Number of protein chains: 2
Amino acid sequence: MISKRLSELRKKKQWSLQYIADQLNIAKSTYAGYESGYRQPSLEAVKELAILFGTTTDYLLGATDEEQPTIELTNAAFHMTVDGETVTEDEIVWLIAFLRAKRDIEKKK
Amino acid sequence: MISKRLSELRKKKQWSLQYIADQLNIAKSTYAGYESGYRQPSLEAVKELAILFGTTTDYLLGATDEEQPTIELTNAAFHMTVDGETVTEDEIVWLIAFLRAKRDIEKKK
DNA sequence: AAAATTGTTCGCGTTTCGCGTACATCCATT
DNA sequence: AATGGATGTACGCGAAACGCGAACAATTTT
């Protein structure tokens with residue numbers, strides 16, 4: 001299960017095995033083992049991988065099929081950052097306005 | 001981390017080591033090892049424990065120590081909607097660009 | 001075409017797992 | 001107080017799985 005998820009996520013991100021191995025400070029072959037199903041990552045590694053991929057351990061382990069719960073931005077009651085800086089409530093309002101406007105333009109094309 | 005969480009949860013539920021061991025089909029001493037930190041459960045066991053305790057693997061592993069998960073948008077592998085419509089990956093790129101530009105302007109004021 | 005990067009597989013040494021066992025502790029019933 | 005049963009703790013053993021480096025194939029870059 002986890003091997004499939006890791007493989008999918010990495011391909012989506014177009015990351016190399018080496019890149020991920022470097023991030024976690026493990027050997028390339030070690031991470032490759034995770035994807036092939038030949039090895040199982042430690043609990044600590046699972047945690048780090050979830051963070052690296054921006055997903056949850058529940059998704060990696062197959063406890064859920066959702067990479068992330070679907071969030072309606074207009075109800076945003078969660079914490080989000082861009083470039084490490086918190087996205088403020090004001091900024092969210094701007095983002096929503098911007099997106100609505102952009103979608104409106106696309107529709108008229 | 002996980003040992004602490006398991007111990008807390010079990011005590012809160014007032015379950016015995018034996019009971020949990022029976023549920024997972026493992027030896028009492030094996031589960032005891034998880035709580036003492038002497039052993040680490042397999043990924044499969046973590047999944048089952050999360051279900052048994054009615055919690056998430058993220059909680060057991062301490063991936064969600066914080067009340068609300070922080071999500072870095074530029075790393076987004078998660079699902080988001082605005083007005084009920086999925087925010088596409090392309091749109092996220094636009095949103096990030098927009099926000100960066102806006103922040104830049106604010107700084108210069 | 002050569003060089004570099006990426007992905008796959010395997011053997012080896014080491015770590016750590018799961019189990020059974022032994023023992024201490026706590027409670028309830030007598 | 002004494003006894004029996006459930007509970008929690010610790011450890012040794014054999015087996016299983018880990019992480020690494022190395023070797024090689026496949027792909028991409030120069």
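This one's a predicted model, so the numbers in the text were calculated from it and none came from an experiment. Chain A is the first sequence line, chain B the second, and so forth, proteins listed ahead of strands; every chain is numbered from 1. Values reported hereafter were calculated over all heavy atoms of this structure, with side chains retained and with hydrogens, waters and symmetry mates removed.
- Ring orientation note: the planes of Trp15(A) and Phe53(A) are close to parallel, at an angle under 30° on the 30°/60° scale.
- The residue Ser16(A) sits close only to the backbone: its heavy atoms come under 4.0 Å of sugar-phosphate atoms, none of a base.
- When the side-chain nitrogen and oxygen atoms of Arg39(A) are compared with OP1 and OP2 of dC18(D), one or more of them lie within a distance under 4.0 Å.
- Counting non-hydrogen atoms under 4.0 angstrom, Tyr19(A) reaches nothing in the nucleic acid.
- Note on Leu17(B): a base of the nucleic acid sits closer than 4.0 angstrom, heavy atoms only.
- Put simply, CG on Leu24(A) is 15 Å from C1' on dC18(D), counting in whole angstrom units.
- Of the possible donor and acceptor atoms, none in the side chain of Arg39(A) sits under 3.5 Å from a partner among the backbone N and O of Thr30(A).
- The closest donor-acceptor contact from the side chain of Thr57(A) to the backbone of Asp58(B) lies under 3.5 Å.
- Here dC18(D) presents its P atom at 20 Å from NZ of Lys28(A), a figure rounded to the nearest Å.
- Considering only side-chain atoms of Tyr34(B), the nucleotide from dT8(C), dG11(C), dG18(C) that sits closest is dG18(C).
- Set against dG7(C), dC17(C), dG19(D), the side chain of Arg10(A) has dG7(C) as its closest nucleotide.
- As a whole-Å value, the separation of Leu43(A) CG from dC18(D) P is 11 Å.
- Put simply, CD on Gln18(B) is 9 Å from P on dG8(D), counting in whole angstrom units.
- Counting to the nearest Å, the P atom of dT9(D) and the OH atom of Tyr31(B) are 11 Å from each other.
- Between Lys12(A) and Glu8(A) there is no salt bridge, since no side-chain nitrogen of the basic residue lies less than 4.0 Å from a carboxylate oxygen of the acidic one.
- In this structure, Lys11(A) and Ala45(B) both approach DNA chain C, and ranking their closest nucleotides by distance from the 5' end singles out Lys11(A).
- There is a path of hydrophobic side-chain contacts, each under 4.5 Å, that joins Tyr19(A) to Leu24(A).
- Nearest to the side chain of Ser29(B), among dA10(D), dC20(D), dT8(C), sits dA10(D).
- Counting any heavy atom pair closer than 4.0 Å across all strands shown, Thr30(A) reaches a base atom.
- For the pair Asn25(A) CG and dC20(D) P, the computed distance is 9 Å after rounding to whole Å.
- Taking atom CD of Gln14(B) as the reference point, atom P of dT7(D) lies 13 Å away to the nearest angstrom.
- Separating the CD1 atom of Ile26(A) from the P atom of dC18(D) is a distance of 12 Å, rounded to the nearest angstrom.
- Residue Glu35(A) is out of contact with every strand shown, counting any heavy-atom pair closer than 4.0 Å.
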